[in-house]
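Below is one structure, written out as structure tokens, with a few remarks after it.
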Amino acid sequence: MNLANKITVIRIAMIPLFMLAFQRYPSWMEERVGFIHYINQYGLYWAVGLFVLASATDKLDGYIARKYNMITNLGKLLDPLADKLLVSVALIMMVQQKMIPSWIAVVIIVREVMVSGLRILAAEKGVALAADRHGKIKLVLQVVAITAVLLDNYPFAFLIDFPIDLTIMLAAVVLTVYSGYQYVKNNYRELQLEI
């Protein structure tokens, strides 16, 4: 396994750590295990740090793979899978913590499943579907939106009384839907799908 793929695997391994840090634990656990008190108090900050670090490794592994000619089929599979897992887990946990409405998570996750389905169909036909620029911008906006919501509108809350975090999240949803539409439109002819 080359360096780029190892970085992708590390990104996937950060997901359970993100989950453990983000989770709120019941008071009876907090009383029995001192570390749980620390997680309940500071875990969200650790979760944000892990999420941002994991998201940043997406750029790093891609850069290394292209620069040092380390592009592999495993990397082509793992890299988008890692992105989808990270974003999906973050959204589901944010719904659980009532930070975002569930429809936001559903729309974004359904789009990701739809695009993954198209890629599977393409692979069966021997066609490799690359991510387009809308998809790349969409991922960046999703990461910014999730980070802003996790930070509870910080530092914007000190400046104005406006939910910038949720506004960015809504923009991410709109771009997610648009990029999904563009992806289907641009690729269904190539795959000769009947819609």
Heavy-atom closest pair (A82 atom, I15 atom, distance to 0.1 Å) is O-CD1, 4.2 Å
Check whether N153 reaches the backbone of I164 with its side chain - one donor and one acceptor, N or O, closer than 3.5 Å.
yes
Please say which of L150, V144, V143 ends up in a side chain to side chain contact (heavy atoms under 4.5 Å, CB included) with I146.
L150
Worked verdict on F18 versus M14 for side chain to side chain contact (heavy atoms under 4.5 Å, CB included):
CA-CA 6 Å; F18 166 79; M14 284 187 209; 5.9 Å; no
Nearest 0.5 Å please: distance from the CD atom of Q142 over to the NZ atom of K84.
9.0 Å
Would you please test V95 and V106 for side chain to side chain contact (heavy atoms under 4.5 Å, CB included) and show each step?
CA-CA 10 Å; V95 168; V106 169; over 6 Å; no
Hey, does L74 have a side-chain heavy atom less than 4.5 Å from the side chain of N2?
no
Would you call L44 and D152 a side-chain contact if the rule is heavy atoms closer than 4.5 Å?
no
Identified side chain to side chain contact (heavy atoms under 4.5 Å, CB included) counterpart of M1 within the set V9, L78, T72:
V9
Working for side chain to side chain contact (heavy atoms under 4.5 Å, CB included), residues T57 and I10:
CA-CA 9 Å; T57 64; I10 289 169; 5.8 Å; no
Nearest-0.5 Å distance that lies between atom CG in N40 and atom CD1 in I36:
7.0 Å
Could you grab the distance from atom CG of L50 to atom CG of L17, nearest 0.5 Å is fine?
6.0 Å
Between G135 and R111, the two heavy atoms sitting closest are CA-NH2, 4.2 Å
Are more than 12 heavy atoms, taken from residues, nucleotides or ligands other than W28, located less than 6.0 Å from that residue's CH2 atom?
no
For residues L141 and K138, determine if any side-chain heavy atom of one lies less than 4.5 Å from a side-chain heavy atom of the other.
no
Should the pair Y38 and F35 be assigned to parallel (<30°), tilted (30 to 60°) or perpendicular (>60°) ring geometry?
parallel
Sidechain-backbone polar pair: R11 side chain, S55 backbone, donor-acceptor under 3.5 Å:
no
Minimum heavy-atom distance between G180 and M114, given as atom pair plus value:
O-CE, 3.9 Å
Would you give the length of the straight line joining atom OG1 of T167 to atom CE of M169, rounded to the nearest 0.5 angstrom?
11.0 Å
Please step through ring-ring contact (aromatic ring centres under 6.0 Å, His included) for the pair Y178 and H134, ending with a clear verdict.
CA-CA 8 Å; Y178 177 75; H134 294 107; 5.2 Å; yes
I want to check something: taking the side chain as every heavy atom from C-beta on, are I71 and K76 in contact at a cut-off of under 4.5 Å?
yes
Interatomic distance, CG@D165 vs CG@L170, rounded to 0.5 Å, equals 9.5 Å
Give a yes or no on whether V89 and W103 share a hydrophobic cluster (residues Ile, Leu, Val, Met, Phe, Trp, Tyr; joining criterion: side-chain heavy atoms under 4.5 Å apart).
yes
Between L20 and W46, is any pair of side-chain heavy atoms under 4.5 Å apart?
no
Can V149 be reached from L139 by stepping across I, L, V, M, F, W or Y side chains whose heavy atoms are under 4.5 Å apart?
yes
If only atom types and distance count, is the side chain of S88 paired as donor or acceptor with the main-chain N or O of L85 below 3.5 Å?
no
Could you see if Y25 belongs to whatever hydrophobic cluster contains I92? Use Ile, Leu, Val, Met, Phe, Trp, Tyr and a side-chain cutoff under 4.5 Å.
no
Taking Y183's backbone N and O only, do any of them form a donor-acceptor pair with N187's side chain (distance below 3.5 Å, no angle check)?
yes
I need the I108 CD1 to T176 OG1 distance, nearest 0.5 Å.
4.5 Å
Which atoms form the tightest heavy-atom contact between A65 and A4, and what is the distance?
CB-CB, 3.8 Å
Can you give me the closest heavy-atom contact between M99 and F22, atom names plus distance?
SD-CZ, 3.5 Å
Would you say V33 and M29 are hydrophobically clustered, going by side-chain heavy atoms of ILVMFWY under 4.5 Å?
yes
With sequence neighbours excluded, what pairs up with Y45 under the ring-ring contact (aromatic ring centres under 6.0 Å, His included) test?
none
If you take all heavy atoms of A105 and L91, which pair is closest and at what distance?
CB-CB, 3.9 Å
Verify same cluster id: F51, I39 (apolar side-chain graph, 4.5 Å):
no
